[in-house]
Amino acid sequence: MQDIINNLPKLAKDKHKENKTFFAKLKKKPPKQLDYIMQELHEEEFKKTNCLECANCCKTTGPLFTDKDVDRIAKYFKMKTQKFVEQFLKIDEDNDYVLQSVPCTFLGPDNYCSIYDVRPKACSEFPHTNRKKFQQISNLTIKNVAICPAAFNIVEQMKARIK
């Protein structure tokens, strides 16, 4: 798995132009069944992908924390919301809550998440490849193929399936 993770940025860079062109066409004229296709591709990929073997998303990027996420996680820790924010988060240039640093504070050495049951929505939905109106998040998906081997595979399968 580590070899795949190490090679992923180069693979994604090599496919970047092709992916941008593909997603531009997809945005203009998405197939009627796109959401169903994406759900199917997502499910097929995650039958054979174990995120615990990778956790590259947790090691290299940080999620956005919504106000609901912050409140839920603070409550889980039995902390006041403001204390949780001060201890773990910062506000980024887009005025969103993000982690103070990566890898994620809540990621254990075994790749398990210590707040898995209350993790941010952005984490639970990552890599967003089964999202409705998938064509609307093409820029995010292009970024995610460089981070997530499953997202890379799903996009490659998608390109093969949707001509």
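Hydrogens, waters and symmetry mates play no part in the numbers below; they use all other heavy atoms, side chains included. Model, not experiment: these values are computed from the prediction.
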On a heavy-atom basis, the closest approach of Leu41 and Met158 is CD1-CA, 3.6 Å
Residues at least two apart in sequence or cross-chain that pass salt bridge (Lys or Arg N to Asp or Glu O under 4.0 Å) with Lys159, listed by chain then number, are Glu18, Glu156
The complete set of side-chain hydrogen bond (donor to acceptor under 3.5 Å, both in side chains) pairs with one or both residues in residues 20-38, sequence neighbours excluded, reads none
With sequence neighbours left out, the residues meeting salt bridge (Lys or Arg N to Asp or Glu O under 4.0 Å) with Glu44 are none
Those residues at least two apart in sequence (or on a different chain) that pass salt bridge (Lys or Arg N to Asp or Glu O under 4.0 Å) with Asp14 are Lys10
Tightest non-hydrogen contact, residues His128 and Ile137, listed as O-CD1, 3.4 Å
Legend entry - Side-chain heavy atoms of Leu107 within contact of Cys113, under 4.5 Å: no
Just so I know, are the side chains of Phe126 and Cys148 near enough to count as touching, which here means a heavy-atom distance under 4.5 Å? yes
Side-chain heavy atoms of Arg161 within contact of Met38, under 4.5 Å: no
Under 4.5 Å between any side-chain heavy atoms of Cys58 and Asn111, yes or no? no
Contacts satisfying ring pair (Phe, Tyr, Trp, His ring centres under 6.0 Å) that involve residues 44-67 (not counting sequence neighbours) are His42-Phe46
Exercise. Give a yes-or-no answer on whether the side chains of Asn6 and Gln2 include a donor-acceptor pair shorter than 3.5 Å.
Key: yes
Residues pairing under side-chain hydrogen bond (donor to acceptor under 3.5 Å, both in side chains) where one sits in residues 88-97, two or more places apart or in two chains, turn out to be none
When rounded to the nearest 0.5 Å, the distance separating OG1 of Thr49 from CG of Asn153 is 6.5 Å
Rounded to the nearest 0.5 Å, the NZ atom of Lys83 sits from the CD atom of Gln87 at a distance of 5.5 Å
**Prompt:** Between Ile73 and Val102, is there a shared hydrophobic cluster once you connect ILVMFWY residues whose side-chain heavy atoms come closer than 4.5 Å?
**Reply:** no
Taken in chain and number order and not counting sequence neighbours, the residues that satisfy side chain to side chain donor-acceptor pair (under 3.5 Å) with Gln39 are Glu43
### Message
Tell me whether the count of non-hydrogen atoms from other residues, nucleotides or ligands lying under 6.0 Å of CZ in Phe77 goes above 12.
### Response
yes
With salt bridge (Lys or Arg N to Asp or Glu O under 4.0 Å) as the test, would you mind laying out the steps for Glu86 and Lys80 before giving the verdict? CA-CA 10 Å; Glu86 288 169 10; Lys80 295 220 180 288; over 6 Å; no
Side chain to side chain, Val118 and Lys75, heavy atoms closer than 4.5 Å: no
Heavy atoms of Pro127 and Asn144 approach each other most closely as O-ND2, 3.4 Å
Contacts of His16 meeting ring-ring contact (aromatic ring centres under 6.0 Å, His included) (sequence neighbours excluded), chain-then-number -> none
Here the pair of heavy atoms bringing Leu26 nearest to Pro31 is CD1-CD, 3.6 Å
Do Ile91 and Val85 have side chains that approach each other closer than 4.5 Å (heavy atoms only, starting at C-beta)? no
Can you see whether Phe134 has Arg131 sitting over its ring - NZ or CZ less than 6.0 Å from the centre and within 45° of the normal?
no
Rounding to 0.5 Å, atoms CD1 (Ile154) and OG1 (Thr129) come to a distance of 3.5 Å
- [ ] Step by step, work out the side chain to side chain contact (heavy atoms under 4.5 Å, CB included) result for Ile162 and Ile37.
- [x] CA-CA 9 Å; Ile162 302 169; Ile37 293 168; 4.3 Å; yes
Answer yes or no: is there a side-chain heavy-atom contact under 4.5 Å between Pro149 and Leu8? yes
Indicate, with yes or no, if Ile4 and Phe152 share a hydrophobic cluster defined by side-chain heavy-atom contacts under 4.5 Å among Ile, Leu, Val, Met, Phe, Trp and Tyr.
-> no
So OG of Ser114 and CZ of Arg119: to nearest 0.5 Å the spacing works out to 12.0 Å
Side-chain donor-acceptor contacts of residues 50-57 below 3.5 Å, not counting sequence neighbours, with atom names and distances?
residue, atom, partner, partner atom, Å
Asn50, OD1, Leu52, N, 2.9
Asn56, ND2, Ile147, O, 2.8

Apart from Val98 itself, members of its ILVMFWY cluster (side-chain separation under 4.5 Å) are Leu64
Those residues at least two apart in sequence (or on a different chain) that pass ring-ring contact (aromatic ring centres under 6.0 Å, His included) with Phe84 are Phe88
Using a 3.5 Å distance criterion without hydrogens, assess whether the side chain of Gln100 forms a donor-acceptor pair with backbone atoms of Leu89. yes
Note: Ala151 and Val145 closest approach over all heavy atoms is O-CG1, 3.7 Å
Residue pairs meeting side-chain hydrogen bond (donor to acceptor under 3.5 Å, both in side chains), one or both in residues 61-72, sequence neighbours left out, come to Thr66-Asp69, Asp69-Arg72, Asp71-Thr81
| request: Please check if Phe106 and Tyr112 belong to a single hydrophobic cluster, counting links between Ile, Leu, Val, Met, Phe, Trp and Tyr side chain heavy atoms closer than 4.5 Å. | output: no
